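Structure first, commentary second.
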Amino acid sequence: MRFLVSAVALSVFLLAGPLAQADPIKIKFSHVVAVNTPKGQMAEKFKELVDQRLAGKVEVEVFPNAQLFGDNKVLEALLLGDVQLAAPALSKFQKYTKSLQLYDLPFLFKNIKAVDNFMASDAGKNMLTATQKKGLVGLGFLHNGMKQLSSSSPMRVPEDAAGMKFRIMTSDVLAAQFQAVKASPQKKPFSEVFTLLQTKAIDGQENTWSNIFSKKFFEVQEYITESDHGYLGYMVVTSTEFWNGLPDDIRTEVQKALDEAIAFGNKVALEKDTEDKQAIVDSGRSKVIELTADERAKWVEAMKPVWKQFEGDIGKDLIDAALKSNM
Ligand code: SIN
């Protein structure tokens, strides 16, 4: 009898052993851009590193091109646990925090180097916690590049934009920026921009060389003004609940893989900025307009009052800290 009980116990143990192994933790990473972009490449690199280092423990699935969620829905999806990672443009966090709108202020940062300086400062790093009270935690910032203005008619001075409809991301700062030049801002999802341009439902949009190239906006816009008037970057974000629920060793490894993937994505961003601009020029589909110093100064003069308008929401300290990073 004793033997029988032991034999049963042993077989239960042997059967249950393999079954008791925990299922891998699933990380669905949803984003809206193409794979051949800084964010697309960062997401692929993250998956590759996790596959190498956490095989059997963590599984990453990447969903590009808004296959799963558009940016306007993905933050809700994170909070509901439908996805675990996203990297929306900083402009798309307005519902969760006002401070990240700093990055939308026109002509605030001179270039990506200045953005890097700011992001490395204490003020910049603290912004990763800006959405924490709303249940979202920032894990890192990623660059895309400086934004250019594409349009159906040539734009050299702010008056050229008057009366034109420009697609913008869901940011009141970006709306104010276009209102400052008497244009009409239209808040629309990224996934709709190509069709809106193609059907002439809108006249133009603002984006980086990488997004204009990878989403083929240059094929349906006659002109691109090289304005470098604003910054487009991302916050890699997850829900506080998911993040805090990870075992400590796994959380450390995931963060490490993300840091490396972001560094890789930032390198891709720099390369794409030059390569994709050149590819657009070479295509001959859009005419690229270079502004003279006087013309550019007119855009700055017209758009800069937006800073004052949003100083209360964003914080003067933050704006001053960002300005210092230009030095
Ligand atoms: C993105 O780069 O993620 C999209 C930017 C946009 O909506 O214009």
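This is a predicted model, so every value here is computed, not measured. Remember, it's 1-based here, ligands and their atoms both numbered in the order they're listed.
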Practice task
Evaluate the ring planes of Phe109 and Phe118, with Trp represented by its six-membered ring, and classify them as parallel (under 30°), tilted (30 to 60°) or perpendicular (over 60°).
Solution key: tilted

Problem - Ring geometry between Phe29 and Phe46 (parallel below 30°, tilted from 30 to 60°, perpendicular above 60°) - result: perpendicular

Exercise for the section: Tell me, please, whether Phe264 has Lys45 positioned over its six-membered ring: NZ or CZ under 6.0 Å from the ring centre and within 45 degrees of its axis? Expected result: yes

As a test of reading the model: which N/O atoms of the protein lie under 3.5 Å from N/O atoms of ligand 1, and at what distance?
residue, atom, partner, partner atom, Å
ligand 1, 2 (O), Asn211, ND2, 2.9
ligand 1, 2 (O), Tyr234, OH, 2.6
ligand 1, 3 (O), Lys39, NZ, 2.7
ligand 1, 7 (O), Lys92, NZ, 2.7
ligand 1, 7 (O), Arg167, NH1, 3.4
ligand 1, 7 (O), Arg167, NH2, 2.9
ligand 1, 8 (O), Arg167, NH1, 2.6
ligand 1, 8 (O), Asn207, ND2, 3.0

Practice task
Only counting residues at least two apart or in another chain, list the ones meeting salt bridge (Lys or Arg N to Asp or Glu O under 4.0 Å) with Asp282.
Solution key: none

Problem - Residues Glu76, Lys95: salt bridge by 4.0 Å N-O rule - result: yes

Problem - Close aromatic pair by centroid cut-off 6.0 Å: Tyr234 and Phe141 - result: no

